[in-house]
Amino acid sequence: MKRPFGPLTYTSAECAEESEAFAATASGGERLDALVDAAVYWTDAGSCARALALLDEVAAARTGGLAAEDDPGLDRMPALYAFTLHTAGRGEEARDAFTAAEAYARGSGDWYAFEDLADHLAGAGQDERAVRHWTTALDLLLPEAADPPAARDHGAQEHGGWDHAARERAVHRIRAERRGARARLGLPSDAHDLAPSPGPRRGLFDRLLRRGS
């Protein structure tokens, strides 16, 4: 499979090698996040053993003292580990790992952890469980509060405050994935399925032009 990486197009294996090369020059959470990126690409390339070895390395480093709060992007690791086991054909281990990933998401209370878990469950063909966790992610995102619980980073905060445009994009993305899974399950449309999509945003020039007309 071809994947975008910078201005060119690379294979998944090449992306994995690039991510590992970057990790070799980085430190702390940045290094671990690059190793997780490499694991994603190795899984996509079919090299699950290499991906699992990298994820084990990340887990060992985190156990050694680097908490998830040092890099919110590492929230994706538990579900990714389970999905990689599934892809490798290690079904029983994958089931246990997905159960552990669910416990991790519940403990974090973070909408992104639930979204990522749902994405990987859907990728493993478990649409029913995925829908449940996408719904939880929406429940955490939608309350009209100044700062929804566990917003953390994930592109949803800007300059210390909640970015409502980012929340709108996240809600739209999750609803779209959830809607597709519910359709595959043959379920009737619910309120989330029927919610309107956000309209296109007019550019600044267009808005100024309208004001002057």
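In what follows, every heavy atom counts, from backbone to side chain, and hydrogens, waters and symmetry copies are set aside.
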Self-check item: Charged N-O contact under 4.0 Å between Asp190 and Arg178
Solution: yes
Practice problem: Working to the nearest 0.5 Å, report the span between CG of Asp110 and OG1 of Thr136. | Solution: 12.5 Å
Practice problem: Run the salt-bridge test on Arg76 and Asp33 with the 4.0 Å N-O cut-off and return the result as yes or no. | Solution: yes
Exercise. Would you give the length of the straight line joining atom OH of Tyr81 to atom NE2 of His86, rounded to the nearest 0.5 angstrom?
Key: 15.5 Å
Quiz item: Minimum heavy-atom separation for Ala113 to Ser108, with atom names?
Solution: CB-OG, 3.6 Å
Quiz item: Side-chain heavy atoms under 4.5 angstrom apart, residues restricted to Ile, Leu, Val, Met, Phe, Trp, Tyr: same cluster for Leu117 and Val131?
Solution: no
Exercise. Report yes if the side chains of Arg106 and Phe114 come closer than 4.5 Å at any heavy-atom pair, otherwise no.
Key: yes
Quiz prompt | Any donor-acceptor N or O pair under 3.5 Å, side chains Trp134, Asp119 | solution = yes
Quiz item: For Ala124 and Phe83, which heavy atoms make the closest approach, and how far apart are they?
Solution: N-CE1, 3.9 Å
Quiz item: Under a 4.0 Å N-O cut-off, is there an ion pair linking Glu177 with Arg182?
Solution: no
Quiz item: If we only count heavy atoms from C-beta on, is the Arg90 to Arg95 side-chain gap below 4.5 Å?
Solution: no
Exercise. For salt bridge (charged side-chain N to carboxylate O under 4.0 Å, His left out), just list the numbers for Arg184 and Glu128, CA-CA rounded to whole Å, side-chain angles, deciding distance to a tenth of an Å, and then say yes or no.
Key: CA-CA 10 Å; Arg184 289 192 296 272; Glu128 189 171 348; over 6 Å; no
Quiz prompt | Thr84 versus Thr43, side-chain donor and acceptor atoms under 3.5 Å | solution = yes
Practice problem: Could you check Leu32, Asp116, Leu55 and say which one makes a side chain to side chain contact (heavy atoms under 4.5 Å, CB included) with Met77? | Solution: Leu55
Quiz item: Distance from Arg129 atom CZ to Thr99 atom OG1, nearest 0.5 Å?
Solution: 5.5 Å
Self-check item: hydrophobic_cluster_shared for Tyr112 and Leu138, side chain cutoff 4.5 Å
Solution: yes
Quiz prompt | Main-chain N/O of Asp193 paired with Arg179 side-chain donor or acceptor, under 3.5 Å | solution = yes
Quiz item: Any idea which heavy atoms bring Asp37 and Ser19 closest together, and the distance?
Solution: CB-OG, 3.9 Å
Self-check item: Where Tyr10 and Cys15 come nearest, the two heavy atoms and their spacing
Solution: CB-SG, 3.8 Å
Exercise. Please check if Leu54 and Leu85 belong to a single hydrophobic cluster, counting links between Ile, Leu, Val, Met, Phe, Trp and Tyr side chain heavy atoms closer than 4.5 Å.
Key: yes
Quiz prompt | Test item: Ser47 side-chain N/O and Arg50 main-chain N/O as donor-acceptor pair under 3.5 Å | solution = no
Self-check item: Where Cys48 and Ala88 come nearest, the two heavy atoms and their spacing
Solution: CB-CB, 3.7 Å
Quiz item: Are any of the side-chain heavy atoms of Phe22 and Glu30 separated by less than 4.5 Å?
Solution: yes
Practice problem: Decide side-chain contact (heavy atoms from CB on, under 4.5 Å) for Arg132 and Gln126; before the verdict, give the C-alpha distance in whole Å, the side-chain angles of both, and the deciding distance to 0.1 Å. | Solution: CA-CA 10 Å; Arg132 190 162 62 247; Gln126 299 189 46; over 6 Å; no
Quiz item: Below 4.5 Å, heavy atoms only, C-beta onward: do Leu142 and His192 meet side chain to side chain?
Solution: yes
Quiz item: With side chains defined as the heavy atoms from C-beta onward, is the minimum distance between Glu115 and His120 less than 4.5 Å?
Solution: no
Quiz item: Is Trp42 reachable from Val58 through a run of I, L, V, M, F, W or Y residues, each pair having side-chain heavy atoms under 4.5 Å apart?
Solution: yes
Practice problem: May I ask whether Leu52 and Phe98 are part of the same hydrophobic cluster, defined by side-chain heavy atoms of I, L, V, M, F, W, Y residues being less than 4.5 angstrom apart, directly or through others? | Solution: no
Quiz prompt | Distance-minimising heavy-atom pair for Ala23 and Ala34 | solution = CB-CB, 3.8 Å
